Amino acid sequence: MHEKLQPKYGLGTAVSLVVGIVVGIGIFFKTGPVLSATGGNGTYAVIAWVLAAVLTTIAAMVISEIASMGSKTGGLMSFSETAWGERFGFFVGWVQTVIYIPLILAVILYYSAVFTCAFLQVDPTTPLLASLCAIYFIVIAGANLLAESLGGFLQRAATIIKLIPLLSIAVFGFFYQGDAVVASADAVASVTEVSFGVAIAAALIPVLFALDGWIYVTTIAHEIKNPQRNLPLAMVGGLVIIGLVYVTFTLGLLSVAQGPAYVNGEMGVSQVANLLFGEGLGRTLSLFIVISALGGFNGLMLLGMRMPYSLAMRRNFAGSQALLSVSPKTNLPVRSGVTMLAVLATYMIVGFVLVTTGIEKNIFDLYGDLPIALMWIIYASLFIGVWRLRVTQPNAQRLIRVPALPLFVIVAICGTGYALYGFIPSHVTSFALSCLIAVLGFLVYAKSTPRTN
């Protein structure tokens, strides 16, 4: 007998879940790319953070309506099925499995190694970064494959720790009274001045990466008390808190050093921490950032290792039966997990090859931006889907009815288009390749059959 999930989260808990899920490592390494997009202009960078927070809040409110429809749980795949049918739901799951999750994991793994080098005060050479990534990959993957409870313990341990460096640098940097570090002539010369409209558009995708994760909060709509009131309030309240912290963090960094210094790599979060708190405490904060990153890596891996299993549960395609295999000892879909780990390992190897050969030295930053661009296209289709369902199924059960829905949908779609306008023209080849990989999901669906048991 299927047991319905009972509402158990109040408003305070829901807000904390929003903050806990969204806040990750992205804020710590996206400062440079955002300031690069804005031509080193700190004011433009702050405006980009504010606009992205507003766009994310609107998007979360719109999708919260579809999350509250019916009794189906599960997340983005389920929402997509509700909006546009099984084919589109499978496609979204495919994109999550082969592009979004492994690429985001690759970015988190890479920057975990970068901040480990900052903590150890060693030069982050490519061989060292690759070695650290391999060690973290093997240890955390092994923990999740061999013991489900250990993976959950790692996730809980990192929840509070990851807020310490963010709040410390945000507060102490914002009230910093010393002289700001002046960027070198080379750093200033490396920055290209851009117009306001172009700067904000180019900065939005990197900023949206740091705000990513909000979609997972909508999956608990059925478990929130009085969701009509509390889920929208939690979305807005949580994202407002995050937006304020991120803006304060950015202002704190800009109080310590000029914008062009971050663009050229002369300054970074670790250097700012050392300047604000001294070398010893600064190194400790770098360690907290590593723990935060690995906590995020572990949490997303817990989800990612189950994604091939979720696809196989929906459709019978080549190799799908093997993905349904569950270990009797750990109660985990081990082959599904190994499949995701193999995809991740492939992306990591390709990334380090591109860095080593000099073909694309910023490949891991691109790894973070590409899946965000793709996912916001999917979100835009869901915005339209929510509006469509409001028209075609006006009497369907909804715990949440978003007010002024057409206006919110139009604003969200326009914001998405603006962000893509700032990203796609300068990344046409890589974006086209990722779209090709994504579209293969429709081919796999066409070649598969419904699973009957």
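These numbers come from a predicted model, not from an experiment. Hydrogens, waters and symmetry mates play no part in the numbers below; they use all other heavy atoms, side chains included.
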For S325 and Y309, what are the C-alpha separation, side-chain angles and deciding distance, and is it a side-chain contact (heavy atoms from CB on, under 4.5 Å)? CA-CA 8 Å; S325 174; Y309 175 87; over 6 Å; no

Check against side-chain contact (heavy atoms from CB on, under 4.5 Å), K30 and D369: CA-CA 10 Å; K30 282 300 182 181; D369 294 340; 3.1 Å; yes

Are L370 and Y100 close enough, and set up right, to give a side-chain contact (heavy atoms from CB on, under 4.5 Å), and what steps lead you there? CA-CA 8 Å; L370 279 173; Y100 174 81; over 6 Å; no

Candidate pair T31 and F249, rule side-chain contact (heavy atoms from CB on, under 4.5 Å), full reasoning: CA-CA 10 Å; T31 302; F249 180 84; 4.2 Å; yes

I'd like to know whether R451 forms a side chain to side chain donor-acceptor pair (under 3.5 Å) with S320, so could you lay out the CA-CA distance, the side-chain angles of the two residues, the decisive distance to 0.1 Å, and finally the verdict. CA-CA 10 Å; R451 190 169 292 280; S320 63; 2.7 Å; yes

Using ring-ring contact (aromatic ring centres under 6.0 Å, His included), reason through Y262 and F29 one step at a time and then give a plain yes or no. CA-CA 10 Å; Y262 295 101; F29 65 83; over 10 Å; no

Stepwise salt bridge (charged side-chain N to carboxylate O under 4.0 Å, His left out) test for E81 and R87: CA-CA 7 Å; E81 289 176 355; R87 183 189 302 270; over 6 Å; no

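Of the possible donor and acceptor atoms, none in the side chain of S270 sits under 3.5 Å from a partner among the backbone N and O of S286. Q271 contributes a side-chain N or O that, together with a main-chain N or O of G268, makes up a donor-acceptor pair within less than 3.5 Å. The backbone N or O of V263 sits nowhere less than 3.5 Å from a side-chain atom of S36 that would complete a donor-acceptor pair. In this structure, S168 contributes its side chain and P165 its backbone to no donor-acceptor pair below 3.5 Å.
Residues passing the ring-ring contact (aromatic ring centres under 6.0 Å, His included) test with F137, sequence neighbours excluded: none. Residues forming a salt bridge (charged side-chain N to carboxylate O under 4.0 Å, His left out) with D365 (at least two apart in sequence, or on another chain): none. Residues satisfying the salt bridge (charged side-chain N to carboxylate O under 4.0 Å, His left out) test with R335, not counting sequence neighbours, are none. Applying the side-chain contact (heavy atoms from CB on, under 4.5 Å) test to A396 and every residue at least two apart in sequence or in another chain returns M69, Q393, R398.
Of all heavy-atom pairs between G368 and V107, the closest is N-CG2, 3.3 Å. Across all their heavy atoms, F297 and I108 have their closest contact at CB-CG2, 3.7 Å. Across all non-hydrogen atoms, the minimal contact from L344 to A106 is CD1-N, 3.6 Å. When all heavy atoms of S327 and V334 are compared, the closest pair comes out as CB-CG2, 3.6 Å. The two atoms that bring M301 and L341 nearest to each other are CE-CD2, 3.7 Å, heavy atoms only. Closest of all the heavy-atom pairs between M77 and S310 is SD-CB, 4.3 Å.
Taking OG1 of T284 as the start and CD1 of I289 as the end, the distance is 11.0 Å to the nearest 0.5 Å. Note: I437 CD1 to L103 CG = 8.0 Å, rounded to the nearest 0.5 Å. Between the CG atom in L389 and the CD1 atom in I384 there is a gap of 12.0 Å [rounded to 0.5 Å]. In this structure, CZ in F209 is found 6.0 Å from CD1 in I372, a value given to the nearest 0.5 Å. Note that CD1 of I378 is 6.5 Å distant from CG of L76, once rounded to the nearest 0.5 Å. Rounded to the nearest 0.5 angstrom, I104 CD1 and I101 CD1 are separated by 9.5 Å.
Looking only at atom types and distance, the side chain of W214 has no donor-acceptor partner in the side chain of T56 under 3.5 Å away. Side-chain contact annotation: Y136 with T116, donor-acceptor N/O pair under 3.5 Å present.
Using a 4.5 Å cut-off on side-chain heavy atoms (C-beta onward), C133 and M348 make contact. The shortest side-chain heavy-atom distance between L253 and I169 falls under the 4.5 Å cut-off. Annotation: side chain of I27 is in contact with side chain of L166 (closest heavy-atom distance under 4.5 Å). Proximity of F115 to L285: side-chain heavy atoms (C-beta onward) are nowhere separated by under 4.5 Å. N316 places none of its side-chain heavy atoms less than 4.5 Å from the side chain of P450. Between L366 and S430, some side-chain heavy-atom pair lies under the 4.5 Å cut-off. A heavy-atom distance below 4.5 Å is not found between the side chains of P333 and L323. For the pair F383 and I410, the minimum side-chain heavy-atom distance is 4.5 Å or more.
For R315 and E86, the salt-bridge test passes: some basic side-chain N is under 4.0 Å from an acidic carboxylate O.
The aromatic ring centres of F364 and Y367 sit less than 6.0 Å apart. Aromatic ring centres of W94 and F91: separated by at least 6.0 Å.
A cation-pi arrangement is absent between K447 and F317 under the rule of less than 6.0 angstrom and at most 45 degrees off the ring axis. Judged by the 6.0 Å and 45° rule, R314 forms no cation-pi pair with F90.
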Let me have the donor-acceptor pairs involving side chains of residues 416-426, under 3.5 Å, with sequence neighbours excluded, atom names and distances please.
from : atom 1 : to   : atom 2 : distance (Å)
T416 : OG1    : A412 : O      : 2.8
Y418 : OH     : G197 : O      : 2.5
S426 : OG     : F423 : O      : 3.2

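Applying the side-chain hydrogen bond (donor to acceptor under 3.5 Å, both in side chains) definition to pairs two or more places apart or across chains, none involves residues 380-389.
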